[in-house]
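See structure below.
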Amino acid sequence: MEDIDVEVPKYFICPISLQIMRDPVTAITGITYDRESIEQWLLKGKSTNCPVTQQPLPTVSDLTPNHTLRRLIQAWCNENASLGVDRIPTPKPSIDKFHFLKLIKQLQHPDSKMKALKELDLLAAKNERNRKYMVEAGVPKAMLSFIVDCFKEDCVSGLEEALSVLFLIRIPSAEAKLLPKQNDQIIKSLIWVLGCEFNTQVMVKSHAVSALKSIIETASSVVLERLEPKFFEMIVGVLKQCTTRITQQGINSALHVLLDACPWGRNRLMMVESGAVSALIELELGSPEKRTTELILGILFHLCSCADGRAEFLRHKGGIAVVTKRIMRVSPAADDRAVLILSLISKFSATSWVVHEMLEVGTVTKLCMLLQLDCATYLKEKTMEVLRSHSDDWLKFPCIDKTVLTRYIK
């Protein structure tokens with residue numbers, strides 16, 4: 001229509017797109033918009049106010065189809081078809097919450113189960129409106145129940161679709177908190193998934209870890225205290241083969257899972273026994289993104305709070321070096337964790353070899369440099385504590401800048 005001189009009635013034009021409305025809907029403010037335009041405005045825009053009146057607008061479910069206006073637009077298009085105006089087809093009925101309730105029921109029947117799963121996956125990927133209705137209809141809980149059933153029956157058919165749906169719509173924290181009795185079975189089921197083989201291996205494992213993160217971060221202390229060695233073996237196993245088995249988002253989800261389990265000493269010991277310390281250092285040596293580094297250093301701090309964890313940390317030749325390297329290169333949060341790790345090593349595991357290693361890899365120099373920055377008072381105190389505790393040994397080495405070191409140990 002851009003090349004055609006046709007005067008379009010102004011009330012046919014969407015205030016947002018400035019194009020003829022194909023599916024006009026009226027908001028509670030009384031203003032009519034094209035459905036796609038107003039939904040994108042509400043779901044992805046920075047404002048949830050009515051673009052015309054600037055009054056607050058609730059969710060997309062409060063948009064009312066304006067059938068009368070749509071028919072007028074269609075009639076006008078037909079009348080002007082000879083002038084090159086395209087006819088606007090009648091939009092398909094909008095999918096609502098009840099459609100998803102129907103699909104959930106179909107999951108109970110073997111003949112319709114796979115078809116329902118595939119439709120849920122397609123609809124979840126289509127738009128945010130569908131995902132909102134899916135949450136309201138209880139699809140997250142239905143998908144988790146389906147995964148548990150697959151685990152009990154040792155059947156992987158449909159898991160790819162179910163995990164994809166969960167990944168797309170997320171598991172609302174409020175809903176996850178309502179599943180305390182099922183948490184044990186859900187966790188065991190998702191760990192079982194990590195040990196299965198799939199054609200789309202990377203995505204399935206990543207989606208499984210993402211779902212596991214949602215469950216673990218809302219789980220009760222009772223559940224977290226009962227985690228088994230296999231749980232940590234599978235999570236650490238995924239991290240060890242992260243380049244071939246999981247996405248970057250999946251890596252961060254796995255790290256979140258470990259970090260949430262760290263407060264319990266029993267869990268820390270099982271992590272150490274599963275090889276977590278070495279796996280984390282190797283992952284960090286690959287120079288990951290900022291958030292990944294913060295998570296890795298957070299977990300290493302917890303693991304180094306126990307003797308076995310420190311022993312494994314020092315057993316890896318790159319441990320002290322990579323933690324030292326990250327100071328002042330990532331973020332204040334990373335500096336915090338790195339200094340606390342070095343403080344634990346310095347206080348409880350400072351053999352002559354360790355003290356020499358800290359000098360050789362530049363730990364002493366980095367800590368002196370950190371003191372020159374505007375960092376937290378407690379962090380400066382921790383840093384000075386490390387420098388003072390072994391200053392006598394470090395001052396014996398000719399390579400050390402004695403002037404700089406003595407400035408901070410007085």
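No donor-acceptor pair closer than 3.5 Å links the side chain of D393 to the backbone N or O of S352. Panel note: side chain R268, backbone C262; a donor-acceptor pair is recorded below 3.5 Å. Remark: the backbone N or O of H99 is paired with a side-chain donor or acceptor of D96 at under 3.5 angstrom. Side-chain N or O atoms of R310 include one that pairs as donor or acceptor with a backbone N or O of C304 at under 3.5 Å. Checked by atom type and distance alone, the side chain of N267 pairs as donor or acceptor with a backbone atom of A261 at under 3.5 Å. The backbone N or O of T29 lies less than 3.5 Å from no partner atom in the side chain of T53, so there is not a single donor-acceptor pair. Checking side-chain atoms of W41 against main-chain N and O of N49 turns up a donor-acceptor pair under 3.5 Å. Judged purely by atom type and a 3.5 angstrom limit, T363 has no side-chain atom pairing as donor or acceptor with the backbone of L359. Between the N183 side chain and the A219 main chain, no donor and acceptor come within less than 3.5 Å of each other. In this structure a side-chain-to-backbone donor-acceptor pair under 3.5 Å is missing from N66 to T26.
Under the 4.5 Å side-chain criterion, counting only non-hydrogen atoms from C-beta, V361 is in contact with E357. In this structure, L120 and E161 have side chains that are not in contact, with every pair of non-hydrogen atoms separated by 4.5 Å or more. The side-chain heavy atoms of C14 and Q19, taken from C-beta on, include no pair separated by under 4.5 Å. Here the side chains of K132 and R129 are not in contact, with every heavy-atom distance at 4.5 Å or above. Taking 4.5 Å as the limit, some side-chain heavy atom of T90 sits within range of a side-chain heavy atom of Q74. Proximity of L342 to I327: side-chain heavy atoms (C-beta onward) are separated by under 4.5 Å at one or more points. Side-chain contact between L303 and L280 is present, with heavy atoms from C-beta onward closer than 4.5 Å. With a 4.5 Å cut-off on side-chain heavy atoms, F232 and L269 do not count as touching.
Between K230 and E233 there is no salt bridge, since no side-chain N of the basic residue sits under 4.0 Å from a carboxylate O of the acidic one. The residues D34 and R22 are annotated as not salt-bridged, no charged nitrogen and carboxylate oxygen being separated by less than 4.0 angstrom.
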(request) Report the C-alpha separation of E225 and R266 in whole Å, then their side-chain angles, then the decisive distance to 0.1 Å, and conclude whether the salt bridge (charged side-chain N to carboxylate O under 4.0 Å, His left out) test is met. (result) CA-CA 8 Å; E225 287 171 350; R266 176 176 174 272; over 6 Å; no
(request) Go through the steps to decide whether L42 and E39 satisfy the test side chain to side chain contact (heavy atoms under 4.5 Å, CB included), and finish with yes or no. (result) CA-CA 5 Å; L42 292 172; E39 285 184 354; 5.9 Å; no
(request) Decide side chain to side chain contact (heavy atoms under 4.5 Å, CB included) for Y133 and V139; before the verdict, give the C-alpha distance in whole Å, the side-chain angles of both, and the deciding distance to 0.1 Å. (result) CA-CA 9 Å; Y133 286 134; V139 171; over 6 Å; no
(request) Please report the C-alpha distance between F313 and V272 in whole Å, then the side-chain angles of each, then the deciding distance to 0.1 Å, and finally whether the side chain to side chain contact (heavy atoms under 4.5 Å, CB included) criterion is met. (result) CA-CA 9 Å; F313 180 83; V272 172; over 6 Å; no
(message) Does E289 form a side chain to side chain donor-acceptor pair (under 3.5 Å) with N252? I'd like the steps, not just the answer.
(response) CA-CA 10 Å; E289 63 177 28; N252 284 357; 2.9 Å; yes
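For the atom pair D184 CG and L227 CG, the distance stands at 8.5 Å (nearest 0.5 Å). For the atom pair CD (Q106) and NZ (K115), the distance works out to 7.0 Å, reported to the nearest 0.5 Å. Here the straight-line distance linking atom CD1 of I31 with atom CD of Q55 works out to 8.5 Å at 0.5 Å rounding. If you take OG1 on T351 and CG on L314, they are separated by 7.0 Å, rounding to the nearest 0.5 Å.
Other residues, nucleotides and ligands contribute over 12 non-hydrogen atoms within 6.0 Å of the NZ atom of K213. Within 6.0 Å of atom NZ in K380, more than 12 heavy atoms from other residues, nucleotides or ligands are found, so the atom counts as buried in its surroundings. Heavy-atom contacts from other residues, nucleotides or ligands closer than 6.0 Å to NZ of K325 number 12 or fewer.
If you check the side chains of Q249 and S206, you find no donor sitting under 3.5 Å from an acceptor. Judged purely by distance below 3.5 Å, without hydrogens or angles, the side chains of S164 and H207 never pair a donor atom with an acceptor atom. Side chains of S346 and S389: a donor-acceptor N/O pair is present below 3.5 angstrom, by distance only. Checked by atom type, the side-chain pair E36/Q40 shows no donor-acceptor distance below 3.5 Å. Checked by atom type, the side-chain pair S278/E312 shows no donor-acceptor distance below 3.5 Å.
Listed by first and then second residue, the ring-ring contact (aromatic ring centres under 6.0 Å, His included) pairs that reach into residues 249-305 come to none, sequence neighbours excluded. Under the ring-ring contact (aromatic ring centres under 6.0 Å, His included) criterion, the residue pairs touching residues 12-31 are F12-W76, with sequence neighbours excluded.
Stacking of R170 on the aromatic ring of F167 is recorded, both the 6.0 Å distance cut-off and the 45° axial limit being met.
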